[in-house]
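Single-structure report; data block below.
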Amino acid sequence: MVTIEDVIQNLKVRLNPEREKRMRAAYAFALKAHVGQKRRSGDEYIQHSLATALNVAKIGMRSKTIAAALLHDVPEDTDVTLAEIEKEFGQEIAFIVDGVTNLGKIKFRESKEDLYVENLRKMFLAMAQDIRVVIIKLADRLHNMETLNFVSPEKRQRIAKETMEIYTPIANRLGIGEIKIKLEDLSFKFLDPEHYAHIKLISETEFEARKKSIQRAIYELKRELAKEKIKILNIHGRTKSLYRLFKKMELHDMDINKVYDLAGVRVIVPTIASCYETLGIVHKKFRPMVGRIKDYISLPKPNGYQSIHTTIFGPDGKILEIQIRTQKMHDEAEFGIASHWIYSEQKQGWINFLTFRKKKEEIREELAWVKQLREWQVDLGTDNKEFIEGLKLEFFKNHILAFTPKGDIIDLPEDATPIDFAYRVHSEVGNRATGAKADHKMVPLDYKIKNGEMIEIITSKEKKSPNRDWLRFVRTSNAKSTIRKHLKKEGLI
Ligand code: MN
């Protein structure tokens with residue numbers, strides 16, 4: 001059972017009376033809206049809202065996002081409308097809740113094509129319009145995965161596959177290791193139960209065998225670092241996640257003895273300088289393995305990950321991996337994009353990165369996720385400068401993304417019709433169009449396409465020119481000019 005007190009106690013950001021009031025009000029509102037509803041597990045529905053909010057709090061999000069997390073299923077699953085949420089909690093929270101509701105409407109169709117899956121991920125991000133929406137959606141999915149035992153076996157497989165293919169890579173791209181690893185291990189459990197059980201047993205056995213060595217290493221490192229007056233913020237034993245261990249073992253013919261980072265010790269120290277000093281002390285105390293020192297502080301991983309890793313022969317000769325990092329590096333590794341909220345507060349009060357334009361010199365120190373955002377922006381194929389500079393996902397506010405039957409994404413303005421869609425695909429498809437389907441249902445040619453729909457254009461071989469009255473409803477200049485050109489050519493206008 002999760003309570004609102006648990007959510008509040010797990011906040012990573014400062015709490016003031018106003019924020020606390022907001023969160024409690026959102027809780028009371030959601031409680032009332034969901035009253036009498038139950039989850040498949042038999043729990044009260046509010047347990048799901050609270051669990052989602054708790055997941056969001058744990059990675060460092062603030063009171064507005066937590067309020068939105070508490071309210072995330074209200075418009076979709078109760079009689080209470082978005083307008084009522086807006087009236088009670090304001091535009092910003094209502095906007096986030098609406099984003100979560102809309103993302104829930106994207107249908108994930110199965111496809112064997114990698115491109116389709118990649119497009120779905122992009123679309124998911126693009127449609128969210130606000131990173132906080134994506135974070136709530138990940139937190140929501142995490143709780144749904146934790147309670148997946150209660151749904152039918154078919155649905156379980158579908159949800160687990162969708163989580164592995166869509167949600168896990170998104171959590172990874174946002175750098176939220178904390179959620180990524182949990183989603184990955186839960187999906188692994190449902191998708192490949194045999195390997196899961198096997199790996200779980202290996203992991204537990206191997207960790208057990210190293211436990212004493214890890215405890216001993218922690219004890220000795222604490223003593224040595226104290227001697228050198230290096231402050232330890234945190235030191236703990238760790239193991240590799242089950243899915244990651246499985247992937248690594250696959251690379252090494254399933255031979256556990258070739259996996260050197262199965263378990264080890266993580267040391268968190270105050271500064272970058274003390275990270276390197278700690279490395280020196282580790283190597284003085286324990287013999288390092290040749291070629292196993294990785295300095296991701298000087299050379300961060302492509303996703304921005306920073307730490308120093310070294311593999312040593314620990315007490316009793318057991319091989320252990322030691323990871324050394326600062327608190328900021330640790331938070332970025334665990335919470336990714338969300339850690340921005342923690343650090344922006346410490347630095348200069350609350351900044352909503354979606355609306356705040358950073359000074360040039362601040363951009364230089366930007367977290368790695370900002371670079372990622374830019375990369376996605378390039379991936380998404382837009383050259384909207386404002387998007388890059390303001391770090392907004394707003395480009396997509398007046399845009400609609402629709403699928404072709406093959407899974408390609410067609411980007412259209414709001415209120416675009418199947419004719420606009422057809423001309424975007426190819427002028428011949430436009431000219432020959434006689435009908436259209438949206439998500440497999442017949443729709444008129446002046447139908448307003450909704451975000452995420454799959455549009456199928458029905459064409460005729462005999463038909464070679466566009467209809468004149470299409471000009472009344474098409475939205476894109478491309479469709480308009482192509483239609484005009486053809487009509488002129490045939491002397492129809
Ligand atoms: Mn939900």
Side-chain angles (χ1 to χ4, degrees), residues 1-4 6-7 10 23 26-59 61 63-82 84-86 89 93-108 120 124-125 127-152 155-156 158-168 170-171 174 176 178-180 182-183 186-187 190 338 451-452:
M1 291 287 278
V2 184
T3 65
I4 187 68
D6 296 331
V7 177
N10 276 281
M23 279 185 283
Y27 167 65
F29 192 95
L31 183 65
K32 202 174 150 213
H34 287 297
V35 78
Q37 291 180 334
K38 294 243 193 254
R39 296 276 292 177
R40 280 171 203 268
S41 60
D43 284 344
E44 295 294 327
Y45 200 94
I46 195 72
Q47 278 301 309
H48 169 65
S49 319
L50 282 165
T52 305
L54 181 62
N55 289 338
V56 163
K58 277 184 181 167
I59 60 165
M61 301 305 289
S63 65
K64 277 184 188 161
T65 315
I66 288 160
L70 287 163
L71 297 164
H72 82 272
D73 278 328
V74 168
E76 181 76 1
D77 296 336
T78 77
D79 297 333
V80 181
T81 63
L82 187 70
E84 288 168 73
I85 290 177
E86 183 169 345
F89 298 100
I93 289 175
F95 176 79
I96 300 171
V97 172
D98 191 36
V100 178
T101 310
N102 285 333
L103 272 191
K105 289 177 185 157
I106 305 184
K107 288 186 197 75
F108 296 92
L120 263 181
F124 188 90
L125 288 168
M127 276 187 62
Q129 294 182 11
D130 185 318
I131 287 296
R132 291 173 293 181
V133 171
V134 181
I135 290 171
I136 293 174
K137 203 66 198 155
L138 290 171
D140 167 62
R141 178 51 63 111
L142 179 54
H143 185 247
N144 287 338
M145 286 299 291
E146 282 164 350
T147 51
L148 203 60
N149 269 323
F150 300 99
V151 307
S152 69
K155 196 173 174 192
R156 215 180 285 160
R158 183 176 64 75
I159 304 267
K161 191 158 185 266
E162 188 181 285
T163 302
M164 194 62 118
E165 289 185 346
I166 310 292
Y167 288 79
T168 306
I170 288 173
L174 296 177
I176 310 175
E178 165 83 7
I179 289 185
K180 181 198 109 177
K182 287 180 184 165
L183 287 178
L186 284 161
S187 309
F190 291 109
N451 236 336

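A quick note: this is a predicted structure, and the numbers were derived from the prediction, not measured. Counting starts at 1 for both ligands and their atoms, following the listed order.
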Considering all heavy atoms of both residues, which atom of Ala53 and which atom of Ala69 are nearest to each other, and what is their separation? CA-CB, 3.8 Å

Does the cation-pi check pass for Arg156 over Phe190, that is, NZ or CZ under 6.0 Å from the six-membered ring centre and within 45° of its axis? no

Can you give the angle His72 NE2 - the Mn ion (ligand 1) - Asp140 OD1, rounded to 10°? 90°

Report the C-alpha distance between Lys38 and Glu44 in whole Å, list the side-chain angles of each, state the deciding distance to 0.1 Å, and finish with yes or no for salt bridge (charged side-chain N to carboxylate O under 4.0 Å, His left out). CA-CA 5 Å; Lys38 294 243 193 254; Glu44 295 294 327; 2.8 Å; yes

Output yes if His48 passes the N/O/S-under-2.8 Å test against the Mn ion (ligand 1); output no otherwise. yes

The N/O/S atom of Asp73 lying closest to the Mn ion (ligand 1) is OD2

Asp98 (side chain) donor-acceptor with Ala94 (main chain) under 3.5 angstrom: no

